[in-house]
Protein chains: 2
Amino acid sequence: MVQYNPARSQAYFPGDSPAYSAARFDASFAALSDATRRGILEQLGRADASITDLAEKFQMTLTGMKKHVGILERVGLVTTEKVGRVRICRLGESQLEEEAAWLANYRQLWDARFDELDKVVEELKLKEMSDGHT
Amino acid sequence: MVQYNPARSQAYFPGDSPAYSAARFDASFAALSDATRRGILEQLGRADASITDLAEKFQMTLTGMKKHVGILERVGLVTTEKVGRVRICRLGESQLEEEAAWLANYRQLWDARFDELDKVVEELKLKEMSDGHT
DNA sequence: TTTATACTGAACCACATGGTTCAGTATAAT
DNA sequence: ATTATACTGAACCATGTGGTTCAGTATAAA
């Protein structure tokens with residue numbers, strides 16, 4: 001979905017390093033936006049699994065599961081290896097570091113924003129005290 | 001998208017509290033999976049804005065922007081208030097705490113999983129030393 | 001009172017998504 | 001050599017998504 005090109009030299013979020021690509025975030029947040037896929041990650045956190053294993057666990061056709069694994073694989077959350085006729089799925093190298101960093105950054109920004117609002121409210125209160133009810 | 005009901009009493013992720021609803025995560029990760037929407041959050045972190053402001057900044061119709069704001073609003077990332085004929089958008093109450101917690105939890109799980117693998121490799125190395133090349 | 005502004009909702013569009021079935025291919029087991 | 005297993009790919013389907021236009025409504029400005 002990429003787009004968002006607001007003709008600013010600045011990046012997609014305050015503090016963004018060049019490594020933060022919008023497309024990457026689009027894809028990894030989208031990958032996480034499905035409960036089945038989050039479940040697959042959980043499962044692979046416990047033990048490696050074949051497509052068949054996963055398809056059974058999540059009550060889905062092999063083809064359907066293969067697609068989910070493909071999506072997770074494309075964003076690096078899962079890696080697979082074909083051994084004989086079975087494809088082994090394991091957790092991939094992505095620890096979601098940048099996504100976690102983005103979230104942390106957002107929460108910081110959120111705090112800053114609301115501290116600022118608090119200050120304004122504070123000032124209004126002071127003003128009111130000195131103005132009105134003397 | 002809800003679904004994922006693998007007939008287990010356990011929740012959607014190890015350590016999930018009842019507060020973690022799959023639907024909620026589906027929606028908030030999906031909301032974050034669009035670069036424009038992440039940009040809107042950034043913008044509102046700097047200052048409140050009207051639909052018109054945002055639509056201009058992101059070169060989009062009012063209707064289009066309204067939809068994005070609606071999506072962010074539904075997951076609590078944005079709140080809006082209509083003042084006269086303009087709708088003011090601000091950051092909402094969601095600081096993405098649970099989403100951040102999920103990510104942190106995943107990374108922990110990931111670490112545990114790979115520590116375990118390291119141990120296996122370690123054992124194999126020891127075994128090989130005592131077995132083969134004596 | 002007229003006119004401009006700011007939004008809103010319905011309807012449409014192309015394309016993505018999450019799933020399926022069906023027809024294969026490759027590998028393992030008998 | 002035959003049969004069963006495990007996947008794979010193409011094609012289809014219903015629904016969702018990100019965007020648009022068009023036709024309003026409500027409010028503010030002149």
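Below, chains carry the letters A, B, ... as their sequence lines are ordered, and counting in each starts from 1.
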Q. Are OP1 or OP2 of D:dT8 and a side-chain N or O of A:Lys82 less than 4.0 angstrom apart?
A. yes

(Q) Categorize A:Thr63 for me: base, sugar-phosphate, or nothing, with a 4.0 angstrom heavy-atom threshold over every strand shown. (A) base

Q | side-chain N/O A:Lys66 vs D:dT8 OP1/OP2, d < 4.0 Å | A | yes

Q: Mind checking the CG-CG spacing from B:Asp26 to A:Asp34? Nearest 0.5 Å is all I need.
A: 6.0 Å

Q) Within less than 4.0 Å of OP1 or OP2 of D:dT8, is there a side-chain N or O belonging to A:Arg87? A) yes

Q | B:Leu72 CG - D:dT17 P separation (whole Å) | A | 13 Å

Q | Spacing of A:Ile71 atom CD1 relative to C:dT17 atom C1', expressed in whole Å | A | 7 Å

Q: Look through every strand shown and name the nucleotide pairing with D:dA23 as Watson-Crick or G-U wobble, where both distances are under 3.5 Å.
A: C:dT8

Q: Applying side-chain contact (heavy atoms from CB on, under 4.5 Å) between A:Arg87 and each of A:Leu54, A:Leu62, A:Ile51, report the one that passes.
A: A:Ile51

Q. What nucleic acid atoms does A:Gly64 come within less than 4.0 Å of, heavy atoms only: base, sugar-phosphate, or nothing?
A. base

Q) A:Leu32 CG to C:dT17 P: how many Å, rounded? A) 14 Å

Q | Value in whole Å for how far the C1' atom of D:dG16 lies from CZ of B:Phe29 | A | 20 Å

Q) Within this structure, what is the CE-to-P distance between B:Met65 and C:dT5, rounded to whole angstrom? A) 20 Å

Q | For atom CE of B:Met60 and atom P of D:dT21, their distance in whole Å | A | 12 Å

Q) Which nucleotide, C:dT20, D:dG18, D:dT8, lies nearest any side-chain atom of A:Leu62? A) D:dT8

(Q) Looking at C:dA29, I'd like to know if its phosphate oxygens (OP1 or OP2) sit under 4.0 Å from a side-chain N or O belonging to A:Arg85. (A) no

Q: Round to a whole Å and report the spacing from CG of A:Asp26 to C1' of C:dT17.
A: 15 Å

**Q.** Salt bridge flag under 4.0 Å for residues A:Glu42 and A:Arg46
**A.** yes

Q. In whole angstroms, how far is the P atom of D:dT8 from the CD atom of A:Glu73?
A. 9 Å

Q.
Reading DNA chain C from 5' onward, which residue's closest nucleotide shows up sooner: A:Ala30 or A:Val83?
A. A:Ala30

(Q) Of the options C:dA6, D:dG18, D:dT20, whose atoms approach the side-chain atoms of B:Arg37 most closely? (A) D:dG18

(Q) Between the side chains of A:Arg107 and B:Glu97, is the shortest nitrogen-to-carboxylate-oxygen separation below 4.0 Å, so that they form an ion pair? (A) no

Q: Remember a base hit wins even if backbone is also touched, and classify B:Lys67 as base, sugar-phosphate or nothing at under 4.0 Å, heavy atoms.
A: base

Q) With a non-hydrogen cut-off below 4.0 angstrom, is B:Ile51 in contact with a base, only sugar-phosphate, or nothing? A) sugar-phosphate

Q: Could you tell me whether B:Asp48 and A:Arg113 have a side-chain N and a carboxylate O separated by less than 4.0 Å?
A: yes

